[in-house]
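Structure record follows, encoded as structure tokens.
Treat the numbers as computed from the prediction; the structure is a model and nothing was measured. Throughout, a chain's letter reflects where its sequence line sits, starting with A, and its residues are numbered from 1.
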Amino acid sequence: MDNSYKPQQLEPKWQARWAQTGLYRQTIDRSKPKHYALTMLPYPSGDLHIGHWYAMTPSDARARFMRMKGYNVMFPMGFDAFGLPAENAAIKNNVHPQKWTFANIERMRGQLRSMGAMFDWEREAVSADPAYYKWTQWFFKKLMELGLAYREKAAVDFCPHCNTTLAREQVWGDDRHCERCGTPVIKKELEQWFFKTTDYAEELLDFGGIDWPERVKVMQTNWIGRSEGANVVFKTEYGDEMPIFTTRPDTLWGATFMVMAPEHPLVDKLTTPAQAEAVQAYREHAQSMSDIDREAADRDKTGVFSGSYAINPVNQARIPIWIADYVLMGYGFGAIMAVPAHDERDFEFARKFNLPIIPVIAPETGPLDADEMTAAYVGPGVMVNSGEINGTAVSEDKGRKNPSIAAAIDWLVEHNAGEEAVNYRLRDWLISRQRYWGAPIPVVYCPEHGAVPVPDEQLPVLLPEDVAFTPTGESPLKFHENFLHTECPICGRPSLRETDTMDTFMCSSWYQYRYLSPHYEEGPFDPEEGAYWLPVDQYTGGIEHATMHLIYTRFFTKAMREMGLVDFPEPMLALYNQGMVLGEDNEKMSKSRGNVVAPDNLVAQYGADTVRTYLMFFAKWDQGGPWNYDGIKGPQRLLNDIWEIATLAYEPGPVDESVTKALRRKTHQTIRKVTQDMESFSFNTAVAAIMELRNTINEAQRKQNVTQAAWDEAVDNLLLLLAPIAPHITEELWAQRGGEYSIHQQAWPVWDEEIAKEDEITIPVQVNGKVRERLTVPAGTSDDDIKAAALAAENVQRHLDGKQPRKVIVVKGRLVNIVV
RNA sequence: GGGGCGGUGGCGAAAAGGCAGACGCAGCGGACUUAAAAUCCGCCGGAGUAAACCUCCGUGUGGGUUCGAAUCCCACCCGCCCUACCA
């Protein structure tokens, strides 16, 4: 009978068996510690990419490893199913987004099954399913109740191609383009819904208690952008209050002018008739410019004088108020005090428009001369020209740690002119999208009561199916009479529905909770499931979500804690970011480059197990790297060899005790190595260790010189260690060798330190740091004996050349270094 | 401009401050075969040498710490990623 390795046959066979026997059904079991393993859910674009395999199969292997280690593991899968591509496909191919999306999901389910992952499909959640988005809408209402959702008119980022507004996080790059389609965004004044992520700015900076990569923590910290300083209230000469934020209140005495953003509400009032024309022209110019031009590379400062003046509260100086687009309306108060002597941007502006420069910090080298300065001075020194705080030291510290800043803040408080303040770069999350394929915002606008949330019993607000898409991408909800017209839930008056839908990041902010009980109807998730499984123990996914999804879901969990739904502050205790598989040309895979690797073809050619093993072998997981069609041969040979090893009968000839012992040692060393590597996500070296064991077993196979018991121990453990990585072949071979179903329910092997121990060790002997000899000694030889043997060694003597060793360093079991 | 990550054979990569290059790919030599593929055996950083188990050089560059550095520190070069007039 032909019993060669045919993954194309045995993989579907076992996948069916697993499904049939409910092997991956994951239910509460209080007799075991729980482990919630989560991999970022895919968008159903229609085809599973090798990138999905790279994200999911090592994640699956880790979850399987935890299961064999004795944890009750939950490893769910679902789809982030709302979003623009579905709608764009609808416009292009005249197919309804729902049909397109659910057809893709169906196709991707099949592809996901071909991975042989341990997903519990009964926990699958699809965000575009009304049973799911009902709760997305419910969360929106809850956030409203908590005062964490509000509606405001603001100049927001708008993608003209996608025809919708975007959150700040979804505007990328130095040309400020749309994260989805790459079109440069424009600013638009619109009434939009926001979530108050800024309320949690301080708490989001606290990563205590979570094991997340340093890189993500740094990115989030920078994104939140905390800066310490003071709010200072300037008054215009007409008495209007003009608050500003500054990180350098100590330089207040050097403020020689003020600058407002062109969109600042006081611009109209402060513009004098003489300046009206110039200001109007400048504002129009600023508005017409896209953000790209506004932040163009040369960044030459532009601006215009308003004609009005403000009074500096520290010295009553009358200083001109300018309007310039280097001041952004979205940060602080949209206005600044300008201290050209000590701020580079202000300096540049002052030089260009001939505004006065007054130094207030004297560096150690002596006082500054305003006329001779060619750049702002931002270093340490001592305060001068600054009234009561003269003589205070200026350090390079930020905030109150800097004596001069502390003194300035105290002065401000004492004189009732300002207060210590912290400002964040983080903006509130804009969640309104002018698109059809998303969860409708559950709000009705009543002429009497304004924005009224839709009552719970009317949720979900369903997306109407009979809609006509226009080529412009404008939301068909705006023209859907039945959807649009409704009654006010409070008074019954005819009212209009909100036609915007929610940012899909809203759907993915809480999906890990819906997985617990995707069919639960009494709430977003079943509290009993939640009490057992939550929070997520191990999250894995790409780094690209560092400042988007990963901030949103943290915000969400903190808000859910306010709602009383959870009692922990962080959604995911540990996070690991995998790298990216690149094309063979070492470039990002893309259709236009023609370097895309199709997993379906690979599965057909090599089988899923080989693809999985190769993905885990070719690089450390967090690094990623280029795909290589030749490289996959290594894992392919590995699985073929293992097939041979496990299926060919072993008949020991004359047994060699020392070879037997060596095989057992290698077996136990491999268990130790693979266990540690699986623990630390070092899958590549885990596979390498398995390959080494394979090599050792191969040799025993050829020589037939180990005992049957040692042989079986080696082969059984080889299969167990490989089971999380290559689940099908190991299941098949386990069964063929008479093992109990399923290998995936077996306990992870444990190594015996005694057996793993080497009985001879090789110790390099260095003379002055260069290896001159290698000693093979029994393990446990005393340092003194090793030292003596080292000094006696022939090549060592030769290099000592009669000189007396000055010092001999013996590192236990490691090396000897003789210094002369 | 700021921040982060990285730079090791022909290639992918490994190395708790302690034998650099495990494991694999490719290559080369040999076996098997009519032949090729597959498989098996051997070699495989560079230089010296007929060959090394001997010697020298070698982890982007230059310094430093150390008995000892791919690893730690300083400066620089290159690549990738993030961020960018944030007051």
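- Distances shorter than 4.0 Å separate some side-chain N or O of A/Arg798 from OP1 or OP2 on B/U55.
- Counting non-hydrogen atoms under 4.0 angstrom, A/Asp346 reaches nothing in the nucleic acid.
- Ring centroids of A/Phe349 and A/Phe257 are separated by less than 6.0 Å, placing the two rings close together.
- Side-chain N/O atoms of A/Asn628 include none lying less than 4.0 angstrom from OP1 or OP2 on B/A13.
- Listed pair A/Ser227 / B/A87 meets the phosphate criterion, a side-chain N or O lying under 4.0 Å from OP1 or OP2.
- Within the structure, a side-chain polar atom (N or O) of A/Arg637 is placed less than 4.0 Å from OP1 or OP2 of B/U39.
- Under the Watson-Crick and G-U wobble criteria, each requiring two contacts below 3.5 Å, nucleotide B/C5 is paired to B/G79.
- Among the nucleotides B/U55, B/C19, B/C23, the one closest to any side-chain atom of A/His799 is B/U55.
- The pairing partner recorded for B/U49 is none, the criterion being a Watson-Crick or G-U wobble arrangement whose two distances lie under 3.5 angstrom.
- One donor-acceptor pair, N or O on each side, does fall under 3.5 Å between the base of B/C19 and the side chain of A/Arg774.
- Here B/C85 is the nucleotide among B/C19, B/C85, B/A15 with the atom lying nearest to any side-chain atom of A/Asp325.
- Close to B/C82, at under 4.0 Å from its OP1 or OP2, lies no side-chain N or O of A/Asn222.
- For B/G60, the O4'-C1' to base torsion is more than 90° from 0; the nucleotide is therefore anti.
- Base orientation at B/A16 is syn, since its O4'-C1' glycosidic dihedral falls within 90° of 0.
- For the OP1/OP2 pair of B/C54 and a distance below 4.0 Å, the side-chain nitrogens and oxygens of A/Arg772 include no atom meeting the criterion.
- Of the candidates B/C25, B/A22, B/A20, the closest approach to any side-chain atom of A/Val771 belongs to B/A20.
- B/U59 is unpaired under the criterion used here, namely a Watson-Crick or G-U wobble arrangement in which both key atom distances are under 3.5 Å.
- In terms of phosphate contacts, A/Arg425 brings no side-chain nitrogen or oxygen within less than 4.0 Å of OP1 or OP2 of B/A87.
- A donor atom on one side chain and an acceptor atom on the other are found under 3.5 Å apart for A/Glu753 and A/Trp751.
- A/Lys301 has a carboxylate O that lies under 4.0 Å from a charged side-chain N of A/Glu348, or vice versa, which qualifies the two as a salt bridge.
- Closest to the side chain of A/Phe618, out of B/C85, B/U39, B/G12, is B/G12.
- Distance from the side chain of A/Thr685 is smallest for B/A14 among the nucleotides B/C23, B/C25, B/A14.
- Of the side-chain N and O atoms in A/Lys770, one or more sit less than 4.0 angstrom from OP1 or OP2 of B/C57.
- Atom CH2 of A/Trp322 sits about 9.5 Å away from atom OG of A/Ser306, to the nearest 0.5 Å.
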